[in-house]
Every structure is written in structure tokens, then in C-alpha cells.
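In this chain, numbering begins with 1 at the start of the sequence shown.
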Amino acid sequence: MPSLQPKEYWEKTGRWDSVDILFKIKSQTDKMYALGCSHEEVVTPLARKFTRSYKEFPFALYQINTKFRDELRAKSGVLRGREFRMKDMYSFHTSQEDLDAFYARAREAYVKAFKRCGLDVKVVEASGGIFSKKISHEFQALTPSGEDTLIACGNCEFGQNVEVASAKEGEACPNCGKTLIKTKGIEVGNIFDLGGKFPEDFDYDYMDESGAHKPLVMGCYGIGTTRLVGAIVEAHHDDKGIIWPKAVAPFHVHVVAMTSKNPEAQTQIDETVQAIERDLPLVGAEVLIDDRDKGAGEKFADADLIGIPLRLVVSEKSLAAGGVEWKERASSEAKSVPLNGLSGAVAEWLKS
Ligand SMILES: [Zn+2]
């Protein structure tokens, strides 16, 4: 969906003036545009063009694209920028019950997605913000460096962003009675029950079996994919660098190719690295090769900093020990794996 959106659409929903972080730009011909911070103003009239019959509902549309926010104070690197990526989904329903059921499924699916990214998120109640007068749900990755303050129960699912909190720190949890604590989180997702607002603003309704016009309701579901990277690194690092969870690592395997002064050993190192480069992709591993002409210390420090989950060292020493040195970034243990068993071992490790 386009980032550049005509002002008229944002005026229709009343958000041209009410959204303070909306990027507004003027063309050479004085025509005004918004740079989208969200896409309700695009997806609603788009859906209206194609889907009007009860038979076509419910449905959901999603994209992963660039969003803009005119932040007064952009900060914390990728956590709050003026340009960022987002996965946003919009669902359309003929009844509130149907929206409620879909909303619950989307919430569950997003929790699972975050778990696969290595994040344990807490789903908390938050304000509807620029989207809705109803309560929304935020997916918060709990970390002391988070910019959101939460009131949460450590014993059950209960949690609220302080901006809407009815409960206070130290009080009993309304669900289970345990003491509530104050904690910090990075918001990595947010889902909204938009009700009938956007369909009403764009005169979007549907025809039921008898041909009568009936109102629609809508939900939207966002994952901040740019700040997600920041939250993952926040949760998975040590003093040497990043420790990527396997599912979101830019590569699975980091091969450190050492150099040798002995030409015969160097040939053997080169051939081993070439074999790894050829064979590991066949079992689904993405491989980064460090064959720079640098010392071992520098290469190991860079490997730790970049944080690829599995490091394989090919050196004169490793070959003398019978193969390659295998070390996982999250572990301090290293072991020797014979070259002929390497593909199988990596395949096993990828599945684990
Ligand atoms: Zn509780």
C-alpha cells in the first residue's frame, strides 16, 4: 500500500488534525499528503471497492512496509525512529462476535510469533490512542530499558500500561490476588478493535442475503518489525555482543576460516571451508564465511559481536584434531566435529 496518501482520506476520518505525529508534506503544486503512520485510510476504501457481499466476509489483509512518524524526539536507535518497518493487518467483519473471535486468534498468533523471535511478551491493556476509543492490547517485551511503564502481575496474565491502569503497584491483582508490580517494557505489537469507525467514515457497508445494507466492523493488528530487532537484541546479548535466537538470526552459521603459514595446511583449510559453503545450505543452513586476512582474536571478537548462533572454526589446529571446532554463541563449550558428520550435526541442531 502506498506511503504517500492524499490529505482528503485523512480528513474523512478526522485524523488529519488529531494525529500529532502524522507526517504532512506539501507538493510543488501545493497539494497536501500524509506519509502513512498507519493504513486504515488506504485499506478501507480499497476493500470497499472489491468486497461488498456477505459471502466475502470475514477477511483480513496485511502487508509489511515502511511507516513514518513525525516524532519530536526520535531516540534509542531503532526503538523510536521517524521511519520504520511494520507488519500491519486489517480485518473486516459482519458482526462484533466474529471480530471478537478473530481478534482472540490474532492475539494468540502474535504471542506465538514473538515467542519464536525469542521474546516472552506480556499482553497488557492500553489506550486505543489514535485508533479507537476502546481499550487496545499491547505486546510488551519486558526489559528495564523499555520506555513504557506497566503495572503487571507476576503470577497471572494481568497487565496494564500505566496510561490506562486502574490498578496500582503494591495492590492485589484483580485476577489472582497476588501483589502487582511496576515494570518496564518495549512495545513490539499493538492490536485494536476499531469497531465501525473506519467503515462508517468511508461509507463502507455490506449486503446481507436479502440485499439489505448492514454495517461492518474492523480490527487492526500491528507488529513493529524494526523495533522488534531492538527488543530481541535487548533480550539476547552479553558483554561481548548479540546472541541471535536461531529463528531470526541473519545467518545460522558463522564460519571462521583461519590462515596458516604452512601452504599444505592452508590448502586443506580452503578446501574444508569450500566444502562447508557447498554442503550446509543443502540442509537449510545460511552460512556466513569470514575469510578476511585478520588475526584470530579480531575474528573471534567480531563473531561474538555479530552474534550468529553457531560458530565453526576451520584452522590447522582444528583439522589436526579431526575436523572443525563447533561453538554455539550462547555456550562457552567448544567441541570438535568431523567434517563428514558436520552436515548431519548442523541439520539436527537447526531442528532443535
Ligand atoms: Zn494475577
Side-chain angles (χ1 to χ4, degrees), residues 64 66 77-79 84-87 112-120 141 188 223-259 266 268-315 317-319 321 323-352:
I64 298 174
T66 302
V78 296
L79 291 186
F84 52 96
R85 304 277 287 176
M86 189 187 278
K87 184 241 173 182
K112 275 189 201 162
F114 290 124
K115 193 158 249 165
R116 284 190 63 197
C117 293
L119 291 179
D120 236 337
V188 288
I223 291 181
T225 51
T226 298
R227 56 166 44 203
L228 182 58
V229 174
I232 292 168
V233 172
E234 197 59 58
H236 298 275
H237 72 274
D238 60 16
D239 56 354
K240 295 189 184 107
I242 304 173
I243 306 170
W244 287 110
K246 233 179 284 173
V248 288
F251 296 93
H252 301 113
V253 181
H254 188 142
V255 177
V256 178
M258 303 302 292
T259 48
Q266 185 62 54
Q268 213 189 341
I269 290 171
D270 291 345
E271 285 171 2
T272 304
V273 170
Q274 281 160 18
I276 292 174
E277 195 174 6
R278 182 191 65 219
D279 293 343
L280 291 196
L282 302 178
V283 297
E286 292 170 300
V287 182
L288 175 71
I289 311 260
D290 183 357
D291 56 1
R292 295 173 302 165
D293 190 15
K294 303 269 184 191
E298 194 173 344
K299 287 187 168 190
F300 290 160
D302 283 347
D304 282 344
L305 182 66
I306 297 169
I308 305 306
L310 175 59
R311 187 186 80 186
L312 300 176
V313 181
V314 185
S315 64
K317 192 178 133 201
S318 83
L319 292 171
V324 303
E325 185 201 271
W326 169 299
K327 185 187 164 295
E328 291 173 38
R329 176 63 179 85
S331 155
S332 54
E333 310 277 304
K335 62 180 179 187
S336 175
V337 176
L339 191 58
N340 60 15
L342 186 62
S343 286
V346 169
E348 274 304 302
W349 171 78
L350 279 174
K351 271 187 264 163
S352 69

Hey, can you pull the donor-acceptor pairs under 3.5 Å for the side chains in residues 330-344, sequence neighbours left out?
residue, atom, partner, partner atom, Å
Ser331, OG, Glu333, N, 2.9
Ser336, OG, Ala321, O, 3.4

Would you check if [X] and [Y] make a side-chain contact, meaning some heavy-atom pair closer than 4.5 Å?
| X | Y | answer |
| --- | --- | --- |
| Pro245 | Ile232 | yes |
| Val188 | Ile223 | no |
| Trp326 | Leu312 | yes |
| Trp349 | Pro309 | yes |
| Arg311 | Phe300 | yes |

Open item on the list: Could you work out, with ring pair (Phe, Tyr, Trp, His ring centres under 6.0 Å) as the rule, every residue matching Phe114, not counting sequence neighbours?
Closed with: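 Once residues adjacent in sequence are excluded, the partners of Phe114 under the ring pair (Phe, Tyr, Trp, His ring centres under 6.0 Å) criterion are Phe139.
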
Atom pairs and distances, donor-acceptor, side-chain atoms in residues 268-275, under 3.5 Å, two or more places apart:
residue, atom, partner, partner atom, Å
Asp270, OD1, Gln266, NE2, 3.0
Thr272, OG1, Gln268, O, 2.7

For [X], give me all partners under side-chain hydrogen bond (donor to acceptor under 3.5 Å, both in side chains), at least two apart in sequence or on another chain.
| X | value |
| --- | --- |
| Trp244 | none |
| Lys299 | none |
| Lys327 | none |

Open item on the list: Assess whether a salt bridge exists between Lys317 and Glu325, defined as any Lys/Arg side-chain N lying under 4.0 Å from an Asp/Glu carboxylate O.
Closed with: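 Glu325 and Lys317: not salt-bridged.
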
Result block: side-chain N/O donor-acceptor pairs under 3.5 angstrom for residues 252-259, not counting sequence neighbours:
residue, atom, partner, partner atom, Å
His252, ND1, Glu286, N, 2.9

Atom of [X], atom of [Y] and distance for their closest heavy-atom approach:
| X | Y | value |
| --- | --- | --- |
| Ala231 | Leu79 | N-CD2, 4.3 Å |
| Glu328 | Leu310 | CG-CD1, 3.9 Å |
| Leu119 | Ala235 | CD2-CB, 3.8 Å |

Give the table of side-chain donor-acceptor pairs shorter than 3.5 Å for residues 291-298, with sequence neighbours excluded, one pair per line with atom names and distance.
residue, atom, partner, partner atom, Å
Arg292, NE, Asp290, OD1, 2.9
Arg292, NH1, Asp302, OD2, 3.3
Arg292, NH2, Asp290, OD2, 3.0
Arg292, NH2, Asp302, OD2, 2.9

TODO: Output every pair passing salt bridge (Lys or Arg N to Asp or Glu O under 4.0 Å) with a member in residues 336-352, not counting sequence neighbours, ordered by first then second residue.
DONE: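 Checked against salt bridge (Lys or Arg N to Asp or Glu O under 4.0 Å) - neighbours excluded - the pairs reaching residues 336-352 are Glu348-Lys351.
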
- [ ] Can you run down the salt bridge (Lys or Arg N to Asp or Glu O under 4.0 Å) pairs that involve residues 224-245, sequence neighbours left out, and say none if there aren't any?
- [x]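 Output for this query lists Glu147-Arg227, Asp238-Arg329.
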
Open item on the list: Is there a side-chain contact (heavy atoms from CB on, under 4.5 Å) between Thr226 and Met86? Walk through the geometry before answering.
Closed with: CA-CA 7 Å; Thr226 298; Met86 189 187 278; over 6 Å; no

Open item on the list: Between His237 and Val233 (side chain of the first, backbone of the second, donor and acceptor by atom type, cut-off under 3.5 Å), is there such a pair?
Closed with: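 Flag set: sc His237 to bb Val233 pair under 3.5 Å.
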
- [ ] Output the distance between atom SG (Cys117) and atom NE2 (His236), rounded to the nearest 0.5 Å.
- [x]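 Here the interatomic distance stands at 9.0 Å.
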
- [ ] Go through the side-chain N and O atoms of Thr66 and Arg85 and say whether any donor and acceptor fall under 3.5 Å apart.
- [x]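 Yes, a side-chain donor-acceptor pair sits under 3.5 Å.
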
Open item on the list: Lys112: which residues meet the salt bridge (Lys or Arg N to Asp or Glu O under 4.0 Å) condition with it, sequence neighbours left out?
Closed with: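 Not a single residue meets the salt bridge (Lys or Arg N to Asp or Glu O under 4.0 Å) criterion with Lys112.
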
